[in-house]
Amino acid sequence: MEKSKELLPNLSHGVLTGGSWADVTEEQLAHFAAYADYFNPSMKIITDELVTDVHEAVMDIYPCTSRSQEQALRLFDLNVDGIITDYPEHVYDHPVKNS
């Protein structure tokens, strides 16, 4: 990812992580922020604290992969910036999108 950002600096980049990153540190997020615009963790590890830490690292957070309306609403209630989903109809009318 770092090399991609170096070669394509004008494109947005994200760091995709799985459930094993539940204990990501502020230092790791700061390292990611040096070359990434987004943090894309598994939705299973999203907490208020993680959202706050990602925002403090000056990145947006787009968790993956929501597959139900309930999952999408839970993520938006946690103040994520957006979500990765196979079902865009679950988020189409969400107030965050339309604000």
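Hydrogens, waters and symmetry mates play no part in the numbers below; they use all other heavy atoms, side chains included. Numbering of residues begins at 1 and proceeds along the displayed sequence.
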Looking only at heavy atoms, what is the nearest atom pair of [X] and [Y], with distance?
X	Y	answer
Asp81	His55	OD2-NE2, 2.7 Å
Tyr62	Asn40	O-ND2, 2.9 Å
Pro63	Gly82	CD-O, 3.2 Å
Asp86	Arg67	OD2-NE, 3.1 Å

Do any side-chain atoms of residues 8-23 form donor-acceptor pairs under 3.5 angstrom with protein atoms, and if so which ones, sequence neighbours left out?
unit_1 : atom_1 : unit_2 : atom_2 : d
His13  : ND1    : Leu11  : O      : 2.8
His13  : NE2    : Ser4   : OG     : 2.8
His13  : NE2    : Lys5   : N      : 3.4

To the nearest 0.5 Å, what is the distance between [atom1] on [X] and [atom2] on [Y]?
X	Y	atom1	atom2	value
Leu50	Leu78	CG	CG	9.5 Å
Glu2	Phe32	CD	CZ	9.5 Å
Asn79	Ile61	CG	CD1	10.5 Å
Lys44	Ile46	NZ	CD1	12.5 Å

Partner residues of His31 under the ring-ring contact (aromatic ring centres under 6.0 Å, His included) criterion, sequence neighbours left out: Tyr35

Is it true that Val80 and Ile84 fall in one hydrophobic cluster, defined by side-chain heavy atoms closer than 4.5 Å?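 In one cluster with Val80: Ile84, no.
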
Given the rule that I, L, V, M, F, W and Y join up when any side-chain heavy atoms are under 4.5 Å apart, are Leu29 and Met1 in one cluster?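 Leu29 clusters together with Met1.
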
Using the side-chain contact (heavy atoms from CB on, under 4.5 Å) criterion, which residues pair with Glu49? Sequence neighbours excluded. Thr47, Asp53

Donor-acceptor pair, distance only, cut-off 3.5 Å: does the side chain of Thr85 make one with the backbone of Ser66?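 A pair under 3.5 Å: yes.
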
Any sub-3.5 Å donor-acceptor pair from Asp60's side-chain atoms to Tyr38's backbone N or O? no

